[in-house]
Engineer: 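This structure is in structure tokens; I'll ask about it shortly.
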Amino acid sequence: MRDQEVFASVERELNRQRSNIELIASENFVSEQIMELTGSVLTNKYAEGYPGRRYYGGCQFVDEVESLAQERLKELYGCEYANVQPHSGSQANSAVYFALLQPGDKVLGMSLADGGHLSHGHPLNYSGVTFEFHAYGVSPETEMIDYDDFKEKVETIKPKLVVAGASAYSRVINFELMAKIAHDNGALFMVDMAHIAGLVASGDHPSPFPHADIVTTTTHKTLRGPRGGVIMCKEKFAKDIDRAVFPGMQGGPLMHVIAAKAACFGEALTPEFKEYGHQIVKNAKALEASLKEEGFRLVADGTDNHLILVDVKASCGISGKKAQRLLDEINITANKNAIPFDQEKPYLASGIRVGTPAMTTKGFKEEDFTEVGKIIALRLMNDETDEIKEECLRRVKALTDKVSMYKDIKYI
Ligand code: DSN
């Protein structure tokens with residue numbers, strides 16, 4: 001019997017995804033083939049090990065799927081080796097640390113407060129608990145990565161590993177320079193390109209290859225695949241990485257997700273994907289211009305990629321938490337986010353993070369994002385009145401009515 005209770009909630013979520021303007025920079029809308037593969041019979045199969053070297057019988061077809069995913073990923077980024085088994089980005093990162101480091105080893109990663117990620121050494125995260133992480137960050141003047149300070153830290157701390165990559169950073173990251181500084185000082189250089197993986201694939205952000213020794217990414221952000229992670233590396237690290245993922249960190253790989261990853265990499269190899277990547281950046285520039293025109297202060301004065309950090313505290317005197325709620329109420333979904341040197345606690349935060357990937361997938365163009373910026377301003381720059389709320393809801397609906405997604409899907 002079909003579980004009506006669960007499907008009813010899923011149907012409500014489907015409707016939310018249809019009717020909202022989705023601005024969470026790390027989210028996207030996958031293709032129907034990717035959803036179909038994620039829900040396929042491969043969910044039934046155990047396949048501990050790697051293609052051709054499994055601990056279970058009956059793996060001949062999942063071997064085909066995993067090998068296809070590996071080959072496509074290598075082609076997409078021009079890397080030497082790929083492990084497509086990590087269940088998530090955090091698990092990909094933990095496997096890299098497990099492969100390259102001993103507990104207590106020194107690592108240098110970007111501070112979460114400046115746009116980094118929990119798994120890059122936050123004291124409450126396994127990374128910060130297990131290894132001696134130090135942090136680099138952004139300059140107070142430009143709010144962009146302070147490469148002089150980074151260099152000084154690499155030279156004085158002498159980390160075994162340097163981690164680049166961010167989850168709330170709107171400018172280009174100079175992987176080439178960071179790799180040179182790391183390598184000149186005897187450190188390995190790893191890039192977690194989760195946020196920008198799709199932009200690297202489309203040529204809209206400089207590639208971490210061939211500068212990095214190891215690259216990790218999630219597959220569900222700009223890359224627009226199923227939820228999951230992957231690790232790419234030079235051939236000389238392949239054995240250690242494989243061993244660290246299985247049996248080090250994980251047991252059976254999620255073969256249904258790996259099939260969806262293979263399809264995602266296939267999609268990312270098409271000319272249409274390149275157009276989508278270019279459009280993400282064009283849309284972000286349009287949103288940047290619109291928000292600036294409306295008087296918002298943007299962290300680092302704007303964006304080069306898919307996301308913008310808006311200082312709502314400085315721009316309209318409210319917390320990120322309140323801005324998130326006000327936008328939620330007009331069907332615009334974003335997340336509160338700390339900004340560099342934030343005076344607020346992270347739960348309140350002074351900023352919101354907005355991104356263009358999901359609505360670019362739905363078909364929004366520059367003029368739509370110009371209007372999104374105006375609606376955000378109308379809602380956040382004014383008193384909380386029913387009239388303004390109604391006007392914003394009407395203008396959001398006018399935008400979302402122009403595009404459609406998952407129109408033949410029905411859960412109840
Ligand atoms: N939680 C993700 C994000 O929203 O950026 C990073 O893993």
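Bear in mind that the values here come from a model prediction, so they are computed numbers and not experimental data. Both ligands and their constituent atoms are indexed starting at 1 by order of listing.
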Engineer: Write out each pair where an N or O from ligand 1 and one from the protein are under 3.5 Å apart, with the distance.
Structural biologist:
residue, atom, partner, partner atom, Å
ligand 1, 4 (O), S26, OG, 2.7
ligand 1, 4 (O), R353, NH2, 2.8
ligand 1, 5 (O), H195, NE2, 2.7
ligand 1, 5 (O), R353, NH1, 2.9
ligand 1, 7 (O), H117, NE2, 2.9

Engineer: If I take atom SG from residue C79 and atom CD1 from residue I214, how far apart are they, to the nearest 0.5 angstrom?
Structural biologist: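 Going from the SG atom of C79 to the CD1 atom of I214 covers 11.0 Å.
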
Engineer: Not counting sequence neighbours, list each pair that qualifies as a salt bridge (charged side-chain N to carboxylate O under 4.0 Å, His left out) and has a residue in residues 211-231.
Structural biologist: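 Salt bridge (charged side-chain N to carboxylate O under 4.0 Å, His left out) check on residues 211-231 returns D213-K234.
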
Engineer: Taking L291 as the fixed residue, which of I376, V372, T370 is the one that meets the side-chain contact (heavy atoms from CB on, under 4.5 Å) rule?
Structural biologist: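 Only one option passes, and that is I376.
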
Engineer: Considering residues at least two apart in sequence or located in another chain, which fulfil the side-chain hydrogen bond (donor to acceptor under 3.5 Å, both in side chains) criterion with H117?
Structural biologist: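 Testing H117 for side-chain hydrogen bond (donor to acceptor under 3.5 Å, both in side chains), a comparison that skips the adjacent residues, returns S119.
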
Engineer: Ring of Y136, cation from K151 - is the NZ or CZ under 6.0 Å from the centre and inside 45° of the axis?
Structural biologist: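 No cation-pi geometry.
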
Engineer: What residues, two or more places apart in sequence or in another chain, satisfy salt bridge (charged side-chain N to carboxylate O under 4.0 Å, His left out) together with K180?
Structural biologist: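 With sequence neighbours excluded, K180 shows a salt bridge (charged side-chain N to carboxylate O under 4.0 Å, His left out) to D184, given in chain and number order.
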
